[in-house]
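Inspection log for the structure reproduced underneath, given as structure tokens.
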Amino acid sequence: MNKQILLKSRPVGMVGKEHFETVDALLPKRLNEGELLLKARFISVDPYMRGRMNDVKSYVAPFEVGKPIVGGVVAEVVESNHIDFLPGDMVLGNLTWTELQVVNGALVKKLQKDLAPLSCYLGILGMPGLTAYFGLLHIGEPKAGETVVVSGAAGAVGSVVGQIAKIKGCRVVGIAGSDDKNAYLKNDLHFDEVINYRTTKDMSAAIATACPDGVDIYYDNVGGDISDAVLQHINKYARIIICGQISMYNSTQASVGIRPQVALIKNSAFMKGFVVSDFAEYFPEGIKQLAVWLSSGQLKHQETVMKGFDALPDAFIGLFRGDNIGKLLVEI
Ligand code: NAP
């Protein structure tokens with residue numbers, strides 16, 4: 001069987017295994033010119049994919065019911081009918097959740113095998129790393145001595161944001177959902193302060209204690225009550241980077257919190273949303289710098305790797321339970 005996972009139905013509320021279906025995908029008998037037969041090696045699960053399960057207009061089209069889930073995949077070329085690829089090459093693409101698939105070579109990028117472990121191209125040297133890099137540096141413009149608060153701090157994006165902020169000489173406060181995650185942020189990544197939002201009763205008081213000089217940059221990965229609390233402590237000319245709102249991705253009703261406009265006015269502060277593809281023309285610069293920091297040891301990366309194709313639905317659901325430290329992916 002050549003397993004492929006489809007969207008079986010659209011979740012209303014929390015996504016569950018019942019929203020996925022595994023089928024046997026047919027393969028063509030031979031490759032047309034320009035085509036590759038690819039074997040999936042690592043498949044990424046990312047929070048934005050939850051948004052694609054809803055039938056709503058967004059920056060990327062919704063998944064179709066009865067059609068395969070699509071996302072970031074590192075795959076091995078098994079057969080090639082494309083001049084630029086040989087069997088054994090490794091490629092990155094936005095591919096279907098399928099064990100073996102045929103795609104046109106124009107749709108994938110050949111990977112440099114010796115630069116870093118292959119899984120890094122889905123994490124620190126891939127979309128999440130670039131999101132951290134461009135969101136923080138191009139929107140936040142951190143300066144040495146400033147206080148940077150990051151939510152979702154132990155995840156793929158947040159853990160890189162905090163480390164880049166440290167490289168830039170900032171004081172970094174991370175907000176995450178377990179003591180283990182916070183111990184990792186403090187002891188391994190050298191964050192200055194950490195807050196466990198699940199056990200802290202008064203988030204606003206905790207932010208005040210962790211940020212005695214106020215908040216200059218807030219890198220928001222989660223939204224909701226956590227962000228409402230941070231916004232009460234912003235400084236003059238603060239920059240609020242709206243990267244993600246994962247606390248709301250499974251909500252069935254609009255979440256209403258503190259309206260930020262008055263705090264933005266009083267502090268001449270700046271709040272900006274973005275998608276990483278806004279910076280696509282600068283990706284080579286971002287990958288190069290992230291790779292330099294990674295090889296010099298200034299950036300560390302952690303992965304939570306689940307094994308086997310069948311683990312994909314549960315791995316994806318795990319993002320919303322907080323199962324991961326660092327990048328969550330599945331090794332096939
Ligand atoms: P991730 O942080 O590696 O994984 C998700 C984490 O979110 C979980 O481990 C969990 O950690 C936390 N979480 C889940 N439910 C939560 C809730 N209700 N409240 C607070 N925290 C919750 O994921 P990622 O790939 O790095 O993405 C982080 C955020 O960035 C997401 O919102 C994502 O959509 C966004 N993003 C945006 C872009 C862009 O272009 N704008 C690109 C990539 C990612 P805890 O244990 O700490 O709860």
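Ligands are counted one by one from 1 in listed order, and the atoms in each one are counted from 1 as well.
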Give the numbers and elements of all ligand 1 atoms closer than 4.0 Å to a heavy atom of [X].
| X | answer |
| --- | --- |
| S247 | 17 (C), 18 (N), 19 (N) |
| V222 | 20 (C), 21 (N) |
| T131 | 38 (C), 39 (C), 42 (C), 43 (C) |
| G177 | 45 (P), 46 (O), 47 (O) |
| F274 | 39 (C), 41 (N) |
| G326 | 3 (O) |
| A176 | 47 (O) |
| G244 | 32 (O), 35 (C) |

Ignoring hydrogens, just give me the one of [options] whose non-hydrogen atom is nearest [atom].
| atom | options | value |
| --- | --- | --- |
| atom 21 (N) of ligand 1 | Y219, F134, Y197, Y249 | Y197 |
| atom 8 (C) of ligand 1 | I175, L328, L319 | L319 |
| atom 31 (C) of ligand 1 | D278, V150, N221, V276 | N221 |
| atom 11 (O) of ligand 1 | M127, K181, Q245, R321 | K181 |
| atom 23 (O) of ligand 1 | G155, P47, S151 | P47 |

Would you call [X] a ligand 1 contact, heavy-atom distance under 4.0 Å?
| X | value |
| --- | --- |
| C243 | yes |
| G223 | no |
| R198 | yes |

Which residue holds the protein heavy atom closest to [atom], what is that atom called, and what is the gap in Å?
| atom | result |
| --- | --- |
| atom 44 (C) of ligand 1 | V157 CG2, 3.8 Å |
| atom 15 (N) of ligand 1 | F320 O, 3.8 Å |
| atom 7 (O) of ligand 1 | I246 CD1, 3.6 Å |
| atom 9 (O) of ligand 1 | N324 OD1, 2.5 Å |
| atom 10 (C) of ligand 1 | G322 CA, 3.6 Å |

Salt bridge between R41 and E76, side-chain N to carboxylate O under 4.0 Å?
yes

Are there more than 12 heavy atoms of other residues, nucleotides or ligands under 6.0 Å from atom [atom1] of [X]?
| X | atom1 | value |
| --- | --- | --- |
| R259 | CZ | no |
| K110 | NZ | yes |
| K236 | NZ | yes |
| Q253 | CD | no |
| K39 | NZ | no |

Near-ring test H233/Y218, centroid separation under 6.0 angstrom
no

Can a side-chain donor-acceptor contact be found between [Y] and [X] if the only test is distance below 3.5 angstrom?
| X | Y | result |
| --- | --- | --- |
| R50 | N250 | yes |
| S44 | D46 | yes |
| Q245 | D220 | yes |
| N182 | N196 | no |

Is there a chain of hydrophobic side chains (I, L, V, M, F, W, Y, each step under 4.5 Å between heavy atoms) that links V108 to L100?
no

Counting only heavy atoms, which portion of A156 has something under 4.0 Å from ligand 1: side chain, backbone, both, or neither?
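The answer is both.
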
Do F20 and M53 make a side-chain contact, defined as non-hydrogen atoms from C-beta onward lying under 4.5 Å apart?
yes

